[in-house]
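Structure, as structure tokens:
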Number of protein chains: 2
Amino acid sequence: MPVTIYDVAREAGVSMATVSRVVNGNPNVKPLTRKKVLAAIERLGYRPNAVARGLASKKTTTVGVIIPDISSLFFSELARGIEDIATMYKYNIILCNSDQRLEKELQLINTLLEKQVDGLLFMGAEIKEDHLQALTSSSVPTVLAATRDADNTLPSVTIDHFQAAYDATKELIDHGHKRIAMITGPMNDPLGGLMRYEGYKQALQDAGLKLDDALVTQGNLFYESGLRATSQFLSLEKRPTAVFAANDEMAIGAIHAAQDAGLKVPDDLEVIGHDNIRLVEMVRPRLTSVVQPMYDIGAVAMRLLTKYMNNEQVDQHVVLLPHRIEYRESTRPRATATS
Amino acid sequence: MPVTIYDVAREAGVSMATVSRVVNGNPNVKPLTRKKVLAAIERLGYRPNAVARGLASKKTTTVGVIIPDISSLFFSELARGIEDIATMYKYNIILCNSDQRLEKELQLINTLLEKQVDGLLFMGAEIKEDHLQALTSSSVPTVLAATRDADNTLPSVTIDHFQAAYDATKELIDHGHKRIAMITGPMNDPLGGLMRYEGYKQALQDAGLKLDDALVTQGNLFYESGLRATSQFLSLEKRPTAVFAANDEMAIGAIHAAQDAGLKVPDDLEVIGHDNIRLVEMVRPRLTSVVQPMYDIGAVAMRLLTKYMNNEQVDQHVVLLPHRIEYRESTRPRATATS
DNA sequence: AAATAAGATGAAAACCATAAAATGGGAAAG
DNA sequence: CTTTCCCATTTTATGGTTTTCATCTTATTT
């Protein structure tokens with residue numbers, strides 16, 4: 001039977017209320033009393049029971065995190081950002097993998113609410129009506145990280161995926177390419193899939209290039225699919241001379257497909273990836289990539305959540321973090337203004 | 001104000017005890033009563049409060065997971081194994097990053113025990129007396145994953161690191177190499193650092209090769225350090241012709257260092273990595289690596305923990321999972337028995 | 001010195017569930 | 001027709017805190 005606050009009270013010759021005050025750093029305690037209590041705590045090896053505390057205070061200092069797959073480089077980086085900030089604000093994290101399966105996501109939301117989390121951080125692709133309903137079925141604050149719902153009902157932290165894809169494509173266009181392929185993400189993902197594709201299309205259109213459906217393939221974000229898509233591109237009669245991939249893993253697949261076909265990157269094929277995961281430094285040539293600041297997205301999302309949990313004023317509930325392109329050797333040196 | 005079990009009881013015209021039974025699937029409830037209760041739950045949108053339940057039942061169905069760094073490919077894979085099995089057994093996971101800092105580790109153990117986790121899963125390098133003491137300061141079952149304490153006091157799940165390193169080195173020896181370099185992990189890590197080094201040494205010794213200190217460098221497990229270590233090796237007068245790296249990231253660094261120096265892998269330099277993380281498929285040439293089944297280690301560790309949490313009989317508290325070498329193109333084809 | 005304010009402490013209720021003990025009704029056993 | 005047993009259910013106690021609210025000290029003001 002573990003030591004309770006009552007035992008400490010008896011040992012110190014005070015009431016439990018006083019012990020509680022000492023433990024919680026309430027200033028209204030005489031120094032001498034505090035000392036006695038602290039001594040008793042030490043002597044007995046008292047360890048507060050957070051469950052009891054949670055029941056009494058209706059706060060668990062725990063937030064639920066629903067993530068598609070923690071073993072993905074992308075999400076694990078995000079998770080680290082979340083956890084770091086959570087720690088900073090004295091929260092713990094219950095981490096759950098959803099594999100982006102709707103049913104599981106809904107069930108997880110429910111489980112986490114049962115566990116009385118103080119807040120919820122949700123990552124996933126599409127946010128459906130079901131999600132919204134489940135997430136608002138209690139008054140627990142929720143923040144979306146690296147995703148958004150269509151109507152911006154919920155607070156969210158993302159980058160501007162349309163613009164990011166636009167910029168990447170524009171960069172390739174500026175390099176003089178006319179045939180630019182794209183390996184998209186799953187199109188049921190409104191941001192990472194659809195939005196990036198839209199940005200690509202828009203950039204082509206603005207440059208007066210016409211979209212060639214043969215140069216667009218939907219990938220599944222994994223290396224293999226980038227490899228496959230690209231070797232298919234390269235088997236075309238009219239090959240692309242540049243590839244924009246919706247994530248880095250596929251982009252690396254693209255590089256290797258080119259190399260396997262005896263082509264040089266970037267000379268014969270330029271490649272731009274997306275996300276700038278740590279992998280980009282571990283390929284030859286190193287991969288030029290659109291920086292999506294995963295860690296920061298996680299960190300900012302968590303910070304935002306703490307504000308909601310503390311009823312702080314929030315002026316912007318939809319946060320767009322800046323993106324940029326990190327240039328490496330999978331693209332040719334940038335055209336500096338020359339004649 | 002949320003709906004409580006009491007509200008449901010009133011609505012259904014029964015006592016809270018009966019509601020509790022229905023919610024917990026206790027069979028001793030008349031079908032009609034169960035139906036009434038279920039209807040009331042539905043009508044009121046009742047959601048059990050897991051904190052209250054935890055206080056009353058002294059079980060939280062939550063386990064604490066202390067991991068060095070979730071953003072590492074190695075550990076995130078492990079974490080996924082843990083989480084999958086946890087889910088299977090209806091547990092949730094509180095995930096904490098320790099960065100392998102002793103102070104933080106101890107503090108996390110304490111926090112998790114305060115939160116009344118039903119079990120603890122610990123990952124880290126060295127297990128010191130402090131750890132043991134903190135981990136046994138309560139009677140919460142603990143399992144070590146991918147690490148062990150020196151005396152095997154605690155249950156653990158690992159592979160045989162000595163043997164794994166021995167095998168990898170032996171493989172290179174069998175390829176006829178006389179100068180085999182090693183990039184070790186941090187030596188304060190008894191398993192991933194020291195043990196692998198010991199295995200390497202033993203293999204050399206058994207083959208009658210003598211250890212050359214110039215061919216051993218301590219790395220920090222990151223890509224860069226593999227890159228640096230190898231380019232240093234290659235600047236030696238008497239170059240190594242093969243490299244064994246204590247993890248894959250460093251091994252990939254080794255490959256690139258060789259390539260940057262104009263050498264061919266595996267023709268001029270054979271490289272073997274360790275862990276077989278997903279990255280090994282994303283380099284050219286693809287990396288031969290010692291398979292450390294991260295996912296399985298996590299899964300088995302979690303399974304073991306569930307046994308302890310349910311007071312099941314455990315016959316082996318120190319589990320060694322099998323390892324093997326996965327051959328790819330960074331090593332030459334294996335010598336099949338020829339003349 | 002009296003009145004008042006402020007600070008320190010304690011007693012008891014509340015938090016929401018589970019667990020153990022008690023109750024009542026009906027069936028089987030004697 | 002009791003007695004015993006079983007089943008479904010209720011009653012009561014319990015878990016370990018925090019949180020009012022009341023009380024008692026002590027300090028401050030006039």
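Values in this document were obtained by computation on a predicted structure and should not be read as measured data. Numbered from 1 within each chain, the chains take letters A, B, ... in sequence-line order. Side chains are part of it too, since the values below use all heavy atoms of this structure and drop only hydrogens, waters and symmetry mates.
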Inset, instruction - Using atom CG of A/N26 as one end and atom P of D/dT17 as the other, report the distance to the nearest whole Å. - result: 17 Å
Legend entry - A/T62-B/K115 side chain donor-acceptor pair, cut-off 3.5 Å: yes
Legend entry - Side chains of A/R47 and B/S138, donor plus acceptor under 3.5 Å: no
Inset, instruction - Using a cut-off of strictly less than 4.0 Å between a heavy atom of the residue and any atom of DNA chain C, enumerate the qualifying residues of residues 11-22 of chain A by number. - result: A/G13, A/V14, A/S15, A/A17, A/T18, A/R21
Legend entry - A/D118 side chain to A/T61 backbone, donor-acceptor under 3.5 Å: yes
Inset, instruction - For A/E312, look at atom CD and say whether over 12 heavy atoms of other residues, nucleotides or ligands are found less than 6.0 Å away. - result: yes
Legend entry - Length of the line joining B/L55:CG and C/dA14:P, which is rounded to integer Å: 17 Å
Inset, instruction - Starting from P on D/dT10, measure out to NZ on B/K30 and report it in whole angstrom. - result: 10 Å
Inset, instruction - For the pair B/T147 (side chain) and B/G124 (backbone), establish whether a donor and an acceptor sit closer than 3.5 Å, ignoring hydrogens and angles. - result: yes
Legend entry - Sub-4.5 Å side-chain heavy-atom contact between A/Y46 and A/V23: yes
Legend entry - Near-strand residues of residues 36-53 of chain A, defined as heavy-atom separation under 4.0 angstrom from DNA chain D: A/Y46, A/R47, A/P48, A/N49, A/A52, A/R53
Legend entry - Residue-phosphate contact under 4.0 Å: B/T4 side-chain N/O, C/dC15 OP1/OP2: no
Inset, instruction - Please figure out whether A/P27 or B/V3 has its closest DNA chain C nucleotide nearer the 5' end. - result: A/P27
Legend entry - Sidechain-backbone polar pair: A/N97 side chain, A/D99 backbone, donor-acceptor under 3.5 Å: no
Legend entry - Residue pair B/I5 / B/P48, side-chain heavy-atom distance below 4.5 Å: no
Legend entry - Side chain B/S98, main chain B/I66, donor-acceptor under 3.5 Å: no
Legend entry - Whole-Å distance separating the CG atom of A/N24 from the P atom of D/dG16: 17 Å
Inset, instruction - State which residues pass ring-ring contact (aromatic ring centres under 6.0 Å, His included) with A/F122; sequence neighbours excluded, sorted by chain then number. - result: A/H131
Inset, instruction - For residues 22-39 of chain B, pull every pair meeting side-chain hydrogen bond (donor to acceptor under 3.5 Å, both in side chains), keeping only residues two or more places apart or in separate chains. - result: B/S20-B/N24
Inset, instruction - Decide, yes or no, whether a salt bridge links B/D7 with B/R43 under the criterion of side-chain N to carboxylate O below 4.0 Å. - result: no
Inset, instruction - Using a strict 4.0 Å threshold on nitrogen-to-oxygen distance, state whether A/D296 and A/R303 make a salt bridge. - result: no
Legend entry - Degree of bending, the helix from C/dA1-D/dT30 to C/dG30-D/dC1 (end axes from five pairs; round to 10°): 40°
Inset, instruction - Starting from C1' on D/dT25, measure out to CG on A/L32 and report it in whole angstrom. - result: 14 Å
Inset, instruction - Report the distance from atom OH of A/Y6 to atom P of D/dT14, rounded to the nearest whole Å. - result: 13 Å
Legend entry - Of residues 56-64 of chain B, the positions that come close to DNA chain C - non-hydrogen atoms, cut-off under 4.0 Å: B/A56, B/S57
Legend entry - Nucleotide nearest A/I5 when distance is taken to its side chain, options D/dT18, C/dA17, C/dC16: D/dT18
Inset, instruction - Examine D/dA8: is either OP1 or OP2 under 4.0 Å from a nitrogen or oxygen in the side chain of B/N28? Give yes or no. - result: yes
Inset, instruction - Would you confirm whether A/D149, through its side chain, and A/L154, through its main-chain N or O, come within 3.5 Å as a donor-acceptor pair? - result: yes
